[in-house]
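Report on the following structure.
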Protein chains: 2
Amino acid sequence: MEMDDRKMKILQAIIDDYILTGVPVGSRTISKKYDMGLSSATIRNEMSDLEELGYLDQPHVSAGRIPSAKAYRLYVDSLMKTGRIRDDSLETVSRHFTGRVHQMEDVIDHAASVISALTRYTAVVLPPKGKQPRMQTVQLVPVSRDAALVVIVTDTGIVRDSTIRLPGDMDSDTLYAISRALTEELRGHTLAEACEILPGMIQRMRENEELLQGLYGFLNERKESPSRPHVAIGGTSNMLSYPEYSDVEKARTFLSLMETRDKLASIIAGDGEMAFTVRIGPETGVPEMVDCSIVTATYSTRSGQQGTIGVIGPTRMQYSRVMSILNIMGHQLTDLFSRGDETNE
Amino acid sequence: MEMDDRKMKILQAIIDDYILTGVPVGSRTISKKYDMGLSSATIRNEMSDLEELGYLDQPHVSAGRIPSAKAYRLYVDSLMKTGRIRDDSLETVSRHFTGRVHQMEDVIDHAASVISALTRYTAVVLPPKGKQPRMQTVQLVPVSRDAALVVIVTDTGIVRDSTIRLPGDMDSDTLYAISRALTEELRGHTLAEACEILPGMIQRMRENEELLQGLYGFLNERKESPSRPHVAIGGTSNMLSYPEYSDVEKARTFLSLMETRDKLASIIAGDGEMAFTVRIGPETGVPEMVDCSIVTATYSTRSGQQGTIGVIGPTRMQYSRVMSILNIMGHQLTDLFSRGDETNE
DNA sequence: GGTTAGCACTCGATTCGCTTGAGTGCTAAC
DNA sequence: GTTAGCACTCAAGCGAATCGAGTGCTAACC
């Protein structure tokens, strides 16, 4: 036995209905609400076939059927109608992002809350992540008598600044001179490379050994990951509106997962290159999320870094809606980040 | 009728028990578990009195009594035994903060998660907030051909940096010269004052008008609040472990509240000066939190800024435990921030 | 007078059985 | 191949019965 056109149509109707209502759908519902010109009995036979094929599950014998992960997969792959999103939603998105220039963190926080508000699911936004950034400018800014701020500008943005200790009294001109020398020497290199170059400089500039040592330590500490990325999350509470999470225990494990941002980031980030990803239930690879689906899209900045936006919702998700929202938002962010220069973090 | 010593002891036992179990406590429980040398009948009489005095509520006639907000107030004010916290918890706290230097945001994120892990409630940490910071150094760091990073160091830390557009090609020496002039002129002034001084400078330095205009816009935008403070939250999912929140709808409103960080910050921040605050139920002034309590403590940095750490939990909270944890954590943070120079953010 | 044993009473929670109704699977007729 | 019809299943909803924790009151006791 295999899929034919009619089975397809019936399956689609079942999925549509289930996504809408969240309750198992029966044969009568399909034959009445979606006029197929078939009686419930016929639908019943087809549903029985669809179950055998693995597209439908039956919670118990006298309930309707619910779509399986396999069904959703088929749905997003081929039979989903990619609905045009209503204009007002779209307007909301762009209205929120035109206007004044933003900080990176504000932008992604905001993006997360807009996405979650529009989709009514949980949204996650990861900041742009580049390859090894290359240094462009190094500057030491005096903060107090004995401390200076290290500001490193790279081609992908600034490395999170932090203070280092200054050996003795050093006026701002001296610091500037050292900054120039450092910039000269380190420009175009990655942080890791800088860590190899610095010892040589320390040899040559004995008089500033202490300062440079401090800088070396600073670089060494963050050469691996320029800074722990700021993960923006929005609408975690939305999940509680869905009957799937009326079980408190389930809700709790979900929320705990949302709290461990590192783990969350790695789940969302996925394998990377795909512009659009839909992972359904078990496909997420996360045991806690067997009845969740994750949809992600990417955006990029002028300097070619890629960021990820994602939505987490129940497997019974309004995939087409979510995908079009993510699509719009992805473009919006890409626009925003290529327009201005807000690649700093 | 008024409170006597015995009533006090009974009330304390009731509160202790209720905090522990979360179920209404009956007279028999008290007379058996807490050996008062009194029969349940006597306790019953006393409980009846306590109810009349407004310290106890009775959910329904055949259930035990639960402490009222008034009772908790009395409890934290006078009859709570400030338990020594177990050593391992304390160790956990300090272990997490010794070691390498941290970024401000990392520290407060971390503090929130440690507090929530120790208390099993929801923790909120607000970054240090000073009065009007005074500028110390202004420096423009070239980022690209047509953009520069503005770094403003104030007596309380750095103002969140951001880029402004550069008019034409400007080399780093020119930028440095301008930076020096700006520093000269603006040192010691608040951001708001700077906004009044700048127009004059623009008059005098016509050749850099465009750049200075950009800077002016930059300052103007953040003179009110140097930057939207980063609020760290931990353990929101902990709340779901308490029967108080087994009602999904309740949980949802609580979580939504936790998501609006601005509102949350203003709730936690409170009136400010008190080193220790305990607000019980209605005292929080937030309708959504009538059955929550908020305990806050403060910490301070070397430059005298004050930050707030807080715990939100059910009114039936382990107040003494929470207070001692906040106390320790407050000291820990104060130590950390006065030891190093991590007043930048 | 304070304390306590005893008892009737209340009322939420639990259990049990019954009914209802949505939905299925099968069969026989079209 | 489609459909009407029917027996069957089973979760959910409902109400009565039961249970038990806990109270308030009274009368006896120290």
Side-chain angles (χ1 to χ4, degrees), chain A residues 1-11 13-15 17-18 20-68 71 243-244 246-248, chain B residues 1-11 13-15 17-18 20-68 243-244 246-247:
Chain A
M1 173 182 31
E2 44 183 64
M3 286 296 269
D4 55 24
D5 210 52
R6 194 172 72 180
K7 283 193 176 51
M8 281 285 202
K9 268 180 76 171
I10 292 174
L11 182 57
I14 294 172
I15 297 178
D17 199 80
Y18 186 67
L20 211 67
T21 66
V23 296
V25 1
S27 54
R28 247 175 82 82
T29 314
I30 297 300
S31 97
K32 278 204 300 186
K33 265 175 51 180
Y34 306 79
D35 46 305
M36 316 238 110
L38 293 173
S39 80
S40 64
T42 310
I43 307 283
R44 222 145 44 226
N45 290 330
E46 296 288 41
M47 283 168 88
S48 172
D49 289 353
L50 285 167
E51 182 171 355
E52 206 173 313
L53 286 166
Y55 290 106
L56 295 178
D57 290 329
Q58 201 167 14
H60 59 264
V61 59
S62 76
R65 309 291 216 292
I66 61 175
S68 68
E244 281 87 338
S246 55
D247 175 17
V248 182
Chain B
M1 169 183 34
E2 44 184 66
M3 287 296 271
D4 55 21
D5 210 52
R6 194 172 71 179
K7 282 191 177 51
M8 282 285 206
K9 268 178 77 170
I10 291 174
L11 181 56
I14 293 172
I15 297 178
D17 198 80
Y18 186 67
L20 210 67
T21 66
V23 295
V25 1
S27 53
R28 249 175 80 83
T29 313
I30 297 300
S31 97
K32 277 204 303 188
K33 264 173 54 177
Y34 306 79
D35 46 306
M36 314 239 110
L38 292 173
S39 80
S40 65
T42 311
I43 307 283
R44 225 148 37 228
N45 290 331
E46 296 288 40
M47 282 167 90
S48 173
D49 290 353
L50 284 168
E51 182 171 356
E52 206 173 314
L53 287 165
Y55 290 107
L56 294 179
D57 290 330
Q58 201 168 11
H60 57 265
V61 59
S62 76
R65 309 291 214 293
I66 61 175
S68 68
E244 282 86 339
S246 55
D247 174 18

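Computed from a predicted model, the values in this text were never measured in an experiment. In what follows, chains carry the letters A, B, and so on, assigned in the order in which the sequence lines appear, proteins first and then strands, with residues in each chain numbered from 1.
Not counting sequence neighbours, A:Lys9 has no partner by the salt bridge (charged side-chain N to carboxylate O under 4.0 Å, His left out) test. Looking at residues two or more places apart in sequence or on another chain, you find a side chain to side chain donor-acceptor pair (under 3.5 Å) between A:Glu51 and A:Arg65. Contacts of A:Glu244 classified as salt bridge (charged side-chain N to carboxylate O under 4.0 Å, His left out), with partners at least two apart in sequence or in another chain: A:Arg316. Residues meeting the side chain to side chain donor-acceptor pair (under 3.5 Å) test with B:Ser68, sequence neighbours left out: none. Every residue two or more places apart in sequence or in another chain that forms a side chain to side chain donor-acceptor pair (under 3.5 Å) with A:Ser39 is listed here: A:Thr42. By the side chain to side chain contact (heavy atoms under 4.5 Å, CB included) test, A:Ser62 pairs with A:His60, sequence neighbours left out. Listed by chain and residue number, A:Lys7 satisfy the salt bridge (charged side-chain N to carboxylate O under 4.0 Å, His left out) test with A:Asp4 (two or more places apart in sequence, or in another chain). Under the side chain to side chain contact (heavy atoms under 4.5 Å, CB included) criterion, B:Asn45 pairs with no residue at all, not counting sequence neighbours.
The distance from atom CG of A:Asp49 to atom C1' of D:dG1 is 13 Å, rounded to the nearest whole Å. Rounding to whole angstrom units, CD1 of residue A:Ile43 and P of C:dG23 are separated by 13 Å. One can place NZ of B:Lys7 at 14 Å from C1' of C:dT3, the figure rounded to the nearest angstrom. As a whole-Å value, the separation of B:Lys33 NZ from D:dA21 C1' is 14 Å. Atom CG in B:Asp4 sits about 10 Å away from atom P in C:dG2, given to the nearest Å. A:Lys32 has its NZ atom 11 Å from the C1' atom of C:dA22, to the nearest Å. We find that CG of B:Leu38 is positioned 7 Å from P of C:dT3, with the value rounded to whole Å. As a whole-Å value, the separation of A:His60 NE2 from D:dA12 P is 7 Å.
For residues 20-32 of chain A, the set of pairs meeting the side-chain hydrogen bond (donor to acceptor under 3.5 Å, both in side chains) definition, not counting sequence neighbours, comprises A:Ser27-A:Arg44.
Taking only side-chain nitrogens and oxygens, B:Ser39 comes nearer than 4.0 Å to OP1 or OP2 of C:dT4.
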Footprint string (nucleotides 24-30 of chain C, 5' to 3'): B base within contact, S backbone only, - free, heavy atoms under 4.0 Å: BBB----
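When the C1' atoms of four end pairs are superposed on the next four at each end of the helix from C:dG1-D:dC30 to C:dC30-D:dG1, using five pairs per end, the two resulting axes differ in direction by 20°, to 10°.
The shortest non-hydrogen separation linking A:Met47 to A:Val25 is CE-O, 3.5 Å.
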Under 3.5 Å, which protein N or O atoms sit close to an N or O of nucleotides 28-30 of chain D? Give each pair with its distance.
none

Derivation of the side-chain contact (heavy atoms from CB on, under 4.5 Å) call for B:Tyr55 and B:Ile14: CA-CA 10 Å; B:Tyr55 290 107; B:Ile14 293 172; over 6 Å; no
